[in-house]
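Contents: one structure, followed by commentary.
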Amino acid sequence: MTPFQKKVYTATKRIPRGKVATYSAVARAVQKQLAVRAVGNALNKNSSSDVPCHRVISSDGTVGGFARGAKEKIKLLRREGVEVRRGRVRPRFILPSL
DNA sequence: GACCTGACTCAAC
DNA sequence: AGTTGAGCCAGGT
């Protein structure tokens, strides 16, 4: 695993339960706000892990993608109390800058 | 080391 | 408000 991914996972772990953070926020957390895509890639590889990757969504509020399917991702989010409507997360649940 | 890909984002149509 | 195109980065081939 690359040091970059490590940072990404660490930042993701900091996301409080019941809340979600945007990929941008994570990118900022790792001091690479322009590497949002790379961040997504890292989380994708991570797939099975102790990292709450399901709490990371797109900046528009869309849940984005998920290794095992966005459907499952939404399920996990709702299980934590996050309201999701038609694949979009309520803005108030989004954590702007970690 | 160049090239392609992808869980992104922003601006424009 | 939904879709499209271009710019961005780290990784893998």
Side-chain angles (χ1 to χ4, degrees):
Chain A
M1 154 176 333
T2 74
F4 174 74
Q5 295 185 325
K6 205 148 102 179
K7 282 155 76 175
V8 174
Y9 300 147
T10 302
T12 305
K13 284 182 196 160
R14 293 184 227 155
I15 304 174
R17 187 179 176 293
K19 295 263 179 174
V20 294
T22 65
Y23 289 97
S24 304
V26 178
R28 282 198 300 272
V30 298
Q31 311 298 299
K32 299 253 191 253
Q33 61 248 56
L34 297 181
V36 292
R37 303 182 69 168
V39 171
N41 244 330
L43 291 174
N44 179 24
K45 284 186 178 178
N46 185 46
S47 71
S48 306
S49 165
D50 55 315
V51 180
C53 42
H54 60 275
R55 293 183 196 157
V56 185
I57 65 173
S58 310
S59 67
D60 335 40
T62 55
V63 293
F66 195 62
R68 292 137 172 167
K71 191 82 173 79
E72 188 58 32
K73 182 170 181 177
I74 295 173
K75 206 192 235 170
L76 288 167
L77 288 172
R78 302 192 83 175
R79 181 181 294 177
E80 296 192 349
V82 179
E83 294 179 41
V84 183
R85 286 298 184 248
R86 204 168 155 239
R88 323 261 165 93
V89 177
R90 300 262 183 151
R92 45 180 176 287
F93 289 111
I94 302 176
L95 198 54
S97 12
L98 251 204

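Every chain is numbered from 1 and lettered A, B, ... according to where its sequence line falls, protein lines coming before strand lines. Treat the numbers as computed from the prediction; the structure is a model and nothing was measured.
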Test item: A:Tyr9 and A:Leu43 side chains (from C-beta on) under 4.5 Å apart, heavy atoms: yes
How is A:Tyr23 classified with respect to the nucleic acid when contacts are heavy atoms under 4.0 Å: base, sugar-phosphate, or nothing? base
Output the rounded distance in Å from CE (A:Met1) to P (C:dA10). 17 Å
Would you say A:Val26 ends up clustered with A:Val51 if hydrophobic residues are merged whenever their side chains have heavy atoms under 4.5 Å apart, either directly or through other cluster members? yes
Determine the contact category for A:Ala35: base if any of its heavy atoms lies under 4.0 Å from a base atom, sugar-phosphate if only primed atoms, P, OP1 or OP2 are that close, otherwise nothing. sugar-phosphate
Straight-line distance of A:Arg86 CZ to A:Ile74 CD1, nearest 0.5 Å: 11.5 Å
Can you list every salt bridge (Lys or Arg N to Asp or Glu O under 4.0 Å) pair that touches residues 2-11 of chain A, not counting sequence neighbours? none
What is the distance from CD of A:Gln31 to P of C:dC8, rounded to the nearest Å? 20 Å
Can you tell me the distance, in whole Å, between the CG atom of A:Asn44 and the P atom of C:dA10? 17 Å
Taking only heavy atoms on the protein side, list every residue of residues 50-57 of chain A lying under 4.0 Å from any atom of DNA chain C, sorted numerically. none
Separation of A:Arg37 atom CZ from B:dA7 atom P, in whole Å? 10 Å
Closest nucleotide among C:dG12, B:dC8, C:dA10 to the A:Val36 side chain: B:dC8
If you look at every strand shown and take non-hydrogen atoms under 4.0 Å, does A:Leu43 touch a base, only sugar-phosphate, or nothing? base
A:Asn41 has an atom CG; how far is it from atom C1' of B:dC4, in whole Å? 12 Å
Show every salt bridge (Lys or Arg N to Asp or Glu O under 4.0 Å) that has at least one partner inside residues 38-64 of chain A, sequence neighbours left out. A:Lys13-A:Asp50, A:Arg55-A:Glu80
Between atom NZ in A:Lys7 and atom C1' in C:dC9, what is the gap in whole Å? 13 Å
Partners of A:Arg79 by side chain to side chain contact (heavy atoms under 4.5 Å, CB included), sequence neighbours excluded? A:Leu76
How close or far is atom P of B:dA7 from atom CG of A:Asp60, stated in whole angstroms? 16 Å
To the nearest 0.5 Å, what is the distance between CD (A:Gln5) and OG1 (A:Thr12)? 11.0 Å
A:Gln5 atom CD is separated from B:dA7 atom C1', nearest whole Å, by 13 Å
Let me have the donor-acceptor pairs involving side chains of residues 17-24 of chain A, under 3.5 Å, with sequence neighbours excluded, atom names and distances please.
from: A:Thr22; atom 1: OG1; to: A:Ala25; atom 2: N; distance (Å): 3.0
from: A:Tyr23; atom 1: OH; to: A:Lys73; atom 2: NZ; distance (Å): 3.4

Can you pull out the residues from residues 67-92 of chain A that lie within a 4.0 Å heavy-atom distance of DNA chain C? A:Arg86, A:Arg88
